[in-house]
Each structure stands twice: as C-alpha cells, then as structure tokens.
Amino acid sequence: MSTQNSQYLVHSNGIYHGLPVFPDMLQGLTAIVTGANGISGTYMIRALCENPKRWTKIYALSRREPWHQYPPQVEHVSMDLLQSPSAIAQQLLEKKIKADHVFFFAYIQPSPVAGGTIWSAADEMVRVNKSLLGNFLQGLAGAAAIPQRISLQLGSKYYGLHLGPAAVPQEESAPRVGIEANFYYEQEELLGDFCNKYSCQFVTTRPSYLLGAVPDAAMNLVYPLMVYAVVQKHLGKPLIFPGDLACWENVFSFSSSMMNAYFTEWLALTDVESGDSFNSIDGSPFTWSMFWPKYAAYFKMPWEGPEHCTDEDYMEMSLPYAPPPRGWGPPGKRRFRYTMVAWAQRSVVQTAWREIAAEHGLRNPNLSEINRTFGFADAAVLTAWPCVSTNTKIRENGFFGSVDSTQSILKIFDEYVEIKMAPKV
Ligand SMILES: NC(=O)c1ccc[n+]([C@@H]2O[C@H](COP(=O)([O-])OP(=O)(O)OC[C@H]3O[C@@H](n4cnc5c(N)ncnc54)[C@H](OP(=O)(O)O)[C@@H]3O)[C@@H](O)[C@H]2O)c1
C-alpha cells in the first residue's frame, strides 16, 4: 500500500481518465496473453500494444486464429490448454515462448444443468477451468519458462453474486462463499501453490460484468443489448425494460474491458504483495434507469420502463439458495415481463436478425448460442440485488483509472458496427 504523501502522475485517453503514467525506463517487456481472442484478452493485447516500446513482444494464445490483424509485435500461437502439460511445454519450447509476464484469461463455460442458470454446472466449471490453468502452468514449468509475475483474472462471482444477494459493497477481504463450488477459488489456490513452488509472483483481479466488442465471448453484455435494440427498431417496437422496479434501480459496478486491461497492466507492473487480489471496476455506479433513456437516444427510438407495471405484469423465479451468499435472508428473486432469452427465441426476432444481417453483410448471419448470449444479459438486467464492488483498495495502492460505464457501452455499440457485428442505425 502506498504511503501517505504519495504523488501520482495520471493522464486521460478519450473516455478513460486517471490512467497511470509509467516511467520511460520501463521498456522491452514481454508478455503471454492466454484467451487472446476473448473479451478480456482482446482488450489486454490492445492496451499492451498502445506502448510498443514498453511491450516489445506479446504472444497471443488461443485455439482459434485471431479475428483481426495484430500489430507486428504480437505473435499468435494456436494452443489448446486442455492438452497435456508436456504437449504444451513442447509447443512453448519449439516456438521459444518465454515472457516476463503472463496474463491468463483462457476460460471455458460448460453448458448449464437442465433448467439451471448459465453458471449452474458449477462442478464442471471447476474441472475444466482448473485444467486450463493447471496444464498451462505445468507447461511453463516443463519448458523452464516461469515468468516474473502471473496475472489471473477472476471476477465478481468470487462474491457469489450469481447465487443471490451477497454482502454489499463487495470488498476484496470478504470471506469466500461456500454454498457451491467456485472455480475462482480453486484457480487461486492452484496458482498460489504453483507460484510458491517456483518462486514466481502472482496477482488476481475481480472485474464485474465486462463491457467490450468481440465476435465471440462466453459472457458479453453489450452485444445482446445491441441486438435487442437493432431488432426492436427494425420491428417498429420500443425498448422495453424487462425487469421490475427493483432491477431498474439496482446499482451495479461494471468493468469496461479496456479499463480492465489498463488496470491489469498497471497491477502487473506495480509493487503489490504477491498473491494479492483486487476488484477491477469502472468506478462509476450504473443503474438501468439512468442508462435506458440514453440507450434509446443512441438508437433514436422510444422506450418503456417499469413505471406503469403492476405485480400482475411480472413472472417470477427464485434462485435456489436460502440463505443466499450474504448468509441470511430469503433467496434472490427475479421478476420480469419477459426474459431476453425468450425474446431472442421468438421466430419473428430470428427472422428479423437474418434480414438485417443479410442486408448489412454482418459476420453473424444468425442469432446463435441464444441461451449463453442472452442468458448473460438476463443475469445483468434482471438482478435486483446490488453488484457494487469497492475501489478503495485499488486507490490506496495508487490506481485512479475511471470511465463512465454508460459512455463506455455507447462507444462499444460503435465498435460493434466497426467489426461488422451490427448495422449502423
Ligand atoms: N466476460 C465477463 O463479463 C467476465 C466478467 C468477470 C469475470 N470474467 C472472468 O474472466 C475470465 C476470462 O473470461 P472472458 O470473459 O475473457 O472469456 P471469453 O471471452 O469467453 O474468452 C475465452 C478465451 O479462452 C480461450 N479458450 C477456450 N478454451 C480454450 C482451450 N481449450 N485452450 C486454449 N484457450 C481456450 C478462447 O479462445 P479459443 O476458443 O479460440 O481457444 C478465448 O480466447 C474468466 O475467468 C471469466 O469468468 C468474465
């Protein structure tokens, strides 16, 4: 933690403010980014590439080829982290891959259990995500490619927010939630044991819902919001908020992928205690009630909130845990007029999207992975308990980055147009 009279030099970059200024002498670093083509990895590489003198070589690892062209200092390596550690080590050795820093974002989201929410296959989530990390770490050891520091991204599910109301605000020191298996805890333990054994430093981060524009991500909030608006406009209908008043006014911390990447870079290069964990958030409280009119204004269309709804208008579902993660009280409950998943499953919506995609030559001609894509939006839009992470600890340690989450979402709508995932409206 910084001492009392520290001074910090910060700068702004577009909508991002309070960004750290690094010393010029920090040059010639190398990085491995796993999960390189996902929502976190894409922006991590973008942030590192903003400083080609600082980061002179970046290995971008994922199974699939990159979906866009990388700058010359980035080398894509197609690698399956579910391979054996020895196969991974062999690949690292053959390609001479070794780096100062590892940023780990590889992630697999198994299909949910029948009738469950999107993260309900908790044990399988542990199994596959522990394998991804464990195989890779053993591969690094096998190739004698231990970095100085490993940054592992966890998330707000660390607090159990996906299981119902948790202690609020979410502070890094909160006790773990034991009501269900949680792959973040297992990954954190695994990484800690590995780093102790190999004398390597590590840090972990806990973003909330990530905001970003990529063609494919297991969890992506902005894309379904964009599809919803584009299709409703095409059908001549308004933007109808699906949840009740509690959802409408619920307060969230969101995590813009770009700000998350700036933070993760800073944390990797900052003298914090090895093994420490930090929330990674935009630093601007977000409610759907403040966002919805701006959302409608962006798409130039009418909107409806829950002001005139009565109890009869809502369906209801309860999450399975009583007490919920906070340790007392009733289970988390969601009340909604419709779900985004049910909306996207309508044939009129799917036909509309096919027409729009064909007319504009989009790279996503059909609405695919509906449960995954729109189920994540439901989790955000229909959550009625606060998802508010503190940024006290990151500030105490000297990071002051912030971005307005609404401005960030509107910018990302533009990015979806640029990458041909949505039309300009
Ligand atoms: N998205 C969010 O809103 C959010 C919020 C908070 C925390 N988090 C956490 O952040 C972490 C990263 O998630 P993300 O959202 O960035 O994931 P993501 O966008 O779904 O990306 C996953 C990445 O993992 C790679 N991958 C999947 N299977 C692989 C395999 N067998 N071998 C190698 N690479 C593989 C994918 O590329 P290929 O398929 O090409 O291999 C992709 O690059 C996760 O722990 C997640 O829980 C996410």
Side-chain angles (χ1 to χ4, degrees), residues 32-46 59-68 76-85 87-88 91-92 103-110 118-119 121-122 125-136 139 151-159 161-162 170 182-188 190-191 204-225 252-261 263-264 277-282 369 372-373 375-377 379-380 383 387 389 405 408-409 412:
I32 297 173
V33 178
T34 74
N37 55 11
I39 193 164
S40 312
T42 294
Y43 285 84
M44 190 73 231
I45 292 173
R46 196 174 294 171
Y59 296 98
L61 272 51
S62 59
R63 290 166 307 174
R64 288 169 290 175
E65 289 298 309
W67 56 273
H68 64 115
H76 178 258
V77 179
S78 179
M79 190 182 287
D80 186 351
L81 301 184
L82 291 181
Q83 295 177 92
S84 68
I88 292 172
Q91 235 184 318
L92 293 170
F103 298 97
F104 193 90
F105 301 111
Y107 171 65
I108 295 177
Q109 187 165 287
I118 52 171
W119 299 293
M125 295 262 284
V126 171
R127 195 185 68 75
V128 287
N129 287 295
K130 221 174 142 180
S131 295
L132 286 176
L133 179 64
N135 294 347
F136 182 62
S151 304
L152 168 67
Q153 182 160 293
L154 311 172
S156 290
K157 289 195 287 294
Y158 200 97
Y159 302 110
L161 287 166
H162 56 308
Q170 283 86 49
N182 189 318
F183 76 94
Y184 291 151
Y185 305 161
E186 304 261 352
Q187 284 191 324
E188 194 175 43
L190 179 73
L191 181 59
T204 62
T205 55
R206 303 181 193 176
S208 172
Y209 292 86
L210 285 166
L211 312 173
V214 286
D216 186 37
M219 298 174 276
N220 184 346
L221 178 57
V222 183
Y223 176 62
L225 290 175
F252 292 85
S253 302
F254 283 157
S255 303
S256 297
S257 298
M258 197 65 203
M259 181 53 76
N260 183 52
F263 173 67
T264 306
S277 192
F278 296 83
N279 291 333
S280 170
I281 52 162
D282 284 350
E369 302 275 8
R372 191 186 77 174
T373 308
F376 187 61
T383 290
C387 301
S389 298
S405 301
S408 178
I409 295 175
I412 292 164

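The analysis underlying the following values was restricted to heavy atoms, covering all of them including side chains, and did not include hydrogens, waters or symmetry mates. Ligands are counted one by one from 1 in listed order, and the atoms in each one are counted from 1 as well.
Contact analysis leaves Leu211 out of contact with ligand 1, as no non-hydrogen atom separation drops below 4.0 angstrom. Residue contact annotation: Ser257 has no non-hydrogen atom under 4.0 Å from ligand 1.
Heavy-atom proximity to Leu81, at under 4.0 Å, picks out these atoms of ligand 1: 30 (C), 31 (N), 32 (N), 33 (C). Interface of Ala36 with ligand 1, defined as ligand atoms under 4.0 Å from a residue heavy atom, comprises 43 (O). In summary, the atoms of ligand 1 found under 4.0 Å from a heavy atom of Ser40, numbered by their order in the structure, are 12 (C), 14 (P), 16 (O). Interface atoms of ligand 1 facing Ser208, defined by a heavy-atom separation under 4.0 Å, are 5 (C), 6 (C). Ligand-side atoms of ligand 1 in range of Asp80: 30 (C), 31 (N), 32 (N), range being under 4.0 angstrom from any heavy atom.
Remark: the backbone N or O of Arg64 is paired with a side-chain donor or acceptor of Ser62 at under 3.5 angstrom. Using modelled atom types, no side-chain atom of Tyr223 and backbone atom of Ala213 make a donor-acceptor pair closer than 3.5 Å. Judged purely by atom type and a 3.5 angstrom limit, Ser277 has no side-chain atom pairing as donor or acceptor with the backbone of Thr205. Asn182 places a side-chain N or O within donor-acceptor distance of the main-chain N or O of Lys157, the cut-off being under 3.5 Å.
Of the polar atoms of Gln187, none of the N or O atoms is found under 3.5 Å from an N or O of ligand 1, judged by distance alone. Between Asn37 and ligand 1, an N or O atom pair is found at a separation short of 3.5 Å. Taking any N or O of Leu132, backbone or side chain, none lies under 3.5 Å from an N or O belonging to ligand 1. Residue Ser156 has no nitrogen or oxygen atom sitting less than 3.5 Å from a nitrogen or oxygen atom of ligand 1, judged on distance alone. Inclusion of Gly155 in the set of residues having an N or O under 3.5 Å from an N or O of ligand 1 is not warranted. At under 3.5 Å, a nitrogen or oxygen of Tyr184, whether backbone or side chain, sits near a nitrogen or oxygen of ligand 1. For ligand 1, none of its N or O atoms has an N or O atom of Ala217 under 3.5 Å away. The shortest N/O to N/O separation between Phe376 and ligand 1 does not fall below 3.5 Å. Considering backbone and side-chain atoms together, Pro207 places no N or O closer than 3.5 Å to any N or O of ligand 1. Taking any N or O of Gly38, backbone or side chain, at least one lies under 3.5 Å from an N or O belonging to ligand 1.
Protein heavy atom in closest approach to atom 39 (O) of ligand 1: Arg63 NH2, 2.7 Å.
At a heavy-atom cutoff of 4.0 Å, ligand 1 is contacted by both the backbone and the side chain of Leu210. Contacts of Met79 with ligand 1, taken as heavy-atom pairs under 4.0 Å, involve the backbone alone.
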